[in-house]
Amino acid sequence: MHYKFLSGKFTITPGVSFHAYDMTNTQLGTALNQFFFRILPDFLTIYQIKKAETLTYNFGYTNSFTDINKLAEGFVFNNYNSLSKGSRTLENATQQTHSLRYFKYNMFNLENISANLTYSKTIDAIKTKSIFNGVNQSSSPYNSDFADESASAFAMYGRSFLKNYKASFNTRLGWSKFNNIQNATLTVRESFTQTHTITAATNYKNLPNLELGYSLTVNDYNNTKF
């Protein structure tokens with residue numbers, strides 16, 4: 001159910017969806033039933049600054065479920081020294097996402113400006129718990145009590161000049177934090193990635209064109225930088 005209305009330069013669309021789930025899992029001579037409801041809101045706002053310039057905010061909740069293999073209680077040989085076992089009591093994960101996007105375009109000089117911010121948080125994420133015993137490993141899935149988070153940012157500017165030349169610059173940032181259990185110990189992994197690119201090019205219609213650019217990517221994962 002959505003309701004859309006206009007207010008000045010704003011287009012606002014709040015909404016909500018109602019979900020009912022009924023799942024039955026039969027294994028080892030017994031049946032496990034899960035029946036529950038979920039109310040998932042969402043929200044969209046568009047601010048029309050000018051004809052070719054907008055600012056958009058989007059928010060929403062989503063449900064996600066695991067595959068059938070992680071619900072099977074039996075043991076599976078992944079390798080000669082690796083065993084995995086499912087869990088029939090796994091529940092669904094819920095994710096909320098926020099995004100903010102800016103866009104501007106000028107057709108006279110082909111100026112293009114865009115930027116985007118995104119943040120997501122996952123609750124009850126289905127993770128894999130690993131236990132190491134020498135070279136042997138056993139793993140099983142579980143619903144994490146700790147939320148996973150990620151955020152990203154992107155910005156780009158490009159335009160043409162002197163009629164037959166164009167240049168652009170963009171930068172992309174990404175951050176994430178994940179929680180896992182290994183040998184009954186909680187481990188938190190964080191990563192931060194950044195990519196910066198600048199290019200310049202010719203823009204002839206009847207001649208070969210040349211493009212020259214430079215790109216730098218830096219990845220910092222768990223205090224190790226590449």
Side-chain angles (χ1 to χ4, degrees), residues 55-62 64 66-67 69-70 78-84 90 92-104 111-159 161 165-202 209-226:
L55 183 65
T56 304
Y57 169 72
N58 199 357
F59 162 77
Y61 271 92
T62 56
S64 62
T66 186
D67 61 271
N69 293 326
K70 291 185 179 181
N78 300 316
N79 206 329
Y80 76 96
N81 64 341
S82 177
L83 281 174
S84 64
L90 288 177
N92 69 296
T94 303
Q95 183 181 66
Q96 59 169 295
T97 303
H98 303 261
S99 67
L100 183 66
R101 182 177 183 268
Y102 173 79
F103 175 77
K104 180 181 179 181
E111 183 183 53
N112 187 358
I113 304 175
S114 63
N116 186 70
L117 294 172
T118 302
Y119 169 79
S120 65
K121 183 177 182 179
T122 304
I123 301 173
D124 293 329
I126 298 175
K127 299 301 190 67
T128 300
K129 176 170 55 179
S130 299
I131 298 177
F132 296 90
N133 183 13
V135 298
N136 299 314
Q137 174 186 349
S138 61
S139 60
S140 59
Y142 69 100
N143 286 103
S144 176
D145 294 327
F146 303 92
D148 290 339
E149 299 176 272
S150 65
S152 63
F154 173 79
M156 190 273 288
Y157 177 81
R159 63 165 297 170
F161 56 95
Y165 300 92
K166 60 182 180 179
S168 67
F169 170 79
N170 69 74
T171 183
R172 186 183 301 272
L173 308 175
W175 169 84
S176 62
K177 183 179 73 172
F178 297 98
N179 304 277
N180 289 289
I181 295 179
Q182 290 184 349
N183 286 341
T185 302
L186 175 66
T187 60
V188 180
R189 305 288 186 183
E190 287 193 53
S191 67
F192 178 70
T193 303
Q194 51 181 318
T195 301
H196 312 283
T197 304
I198 185 170
T199 61
T202 60
N209 286 291
L210 176 68
E211 181 179 71
L212 180 66
Y214 176 79
S215 181
L216 171 67
T217 299
V218 180
N219 186 5
D220 189 346
Y221 175 72
N222 202 32
N223 297 321
T224 301
K225 185 174 290 187
F226 301 91

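Under a cut-off of 6.0 angstrom, the local environment of NZ in Lys166 is sparse, with at most 12 non-hydrogen atoms contributed by other residues, nucleotides or ligands. For Tyr165, the OH atom counts as loosely surrounded, since its 6.0 Å shell holds 12 or fewer non-hydrogen atoms of other residues, nucleotides or ligands. Heavy-atom neighbours of Leu216 CG from other residues, nucleotides or ligands within 6.0 Å: above the threshold of 12.
Within the model, atoms OG1 of Thr217 and CG of Asn219 stand 9.0 Å from one another, a figure rounded to the nearest 0.5 Å. From His196, atom NE2 reaches atom OG1 of Thr171 across 4.0 Å, with rounding to the nearest 0.5 Å. Here OG of Ser114 is found 8.5 Å from CG of Asn170. Values are rounded to the nearest 0.5 Å. Note that CZ of Arg172 and OG of Ser215 are 10.5 Å apart. Values are rounded to the nearest 0.5 Å. Taking OG of Ser152 as the start and CH2 of Trp175 as the end, the distance is 11.5 Å to the nearest 0.5 Å. In this structure, CG in Leu117 is found 11.5 Å from OH in Tyr57, a value given to the nearest 0.5 Å.
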Q: Show your reasoning for whether side-chain contact (heavy atoms from CB on, under 4.5 Å) applies to Phe103 and Asn116.
A: CA-CA 9 Å; Phe103 175 77; Asn116 186 70; over 6 Å; no
Q.
Is there a side-chain hydrogen bond (donor to acceptor under 3.5 Å, both in side chains) between Thr128 and Ser139? Walk through the geometry before answering.
A. CA-CA 6 Å; Thr128 300; Ser139 60; 5.9 Å; no
(Q) Go through it in stages, so that I can follow the logic: the residues are Val218 and Lys225, the test is side-chain contact (heavy atoms from CB on, under 4.5 Å), and I'd like the CA-CA distance, side-chain angles, deciding distance and then a yes or no. (A) CA-CA 7 Å; Val218 180; Lys225 185 174 290 187; 3.8 Å; yes
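Nearest heavy atom pair, residue Ala93 against residue Ala125, reads CB-CA, 3.9 Å. Closest of all the heavy-atom pairs between Thr199 and Ser168 is OG1-OG, 2.7 Å. For Leu83 against Asn78, the heavy-atom pair with the smallest separation is C-ND2, 3.9 Å. Closest approach of Ser120 to Thr97, counting heavy atoms only: CB-OG1, 3.9 Å. Of all heavy-atom pairs between Thr66 and Ile126, the closest is CB-CD1, 3.4 Å.
For the pair Thr224 and Phe226, the minimum side-chain heavy-atom distance is below 4.5 Å. In this structure, Leu173 and Phe154 have side chains that are not in contact, with every pair of non-hydrogen atoms separated by 4.5 Å or more. Between Ile113 and Met156, every side-chain heavy-atom pair lies at or beyond the 4.5 Å cut-off. Contact check for Glu111 versus Tyr157: side-chain heavy atoms found under the 4.5 Å cut-off. A heavy-atom distance below 4.5 Å is not found between the side chains of Ser64 and Gln95. A 4.5 Å side-chain heavy-atom check between Lys70 and Leu90 finds at least one atom pair inside the cut-off. Residues Ser140 and Tyr142 fail the side-chain proximity criterion, which asks for heavy atoms closer than 4.5 Å.
A salt bridge links Lys177 to Glu149: at least one charged side-chain nitrogen sits closer than 4.0 Å to a carboxylate oxygen.
The backbone N or O of Asn179 sits less than 3.5 Å from a side-chain atom of Asp148, completing a donor-acceptor pair. Side chain of Asn79 to backbone of Asn81: no donor-acceptor contact under 3.5 angstrom is found. Checking side-chain atoms of Ser144 against main-chain N and O of Asp124 turns up no donor-acceptor pair under 3.5 Å.
Judged purely by distance below 3.5 Å, without hydrogens or angles, the side chains of Thr118 and Ser99 never pair a donor atom with an acceptor atom.
Taking the six-membered ring where the residue is Trp, Phe59 and Tyr61 present perpendicular rings, their angle passing 60° and hence far from 30°.
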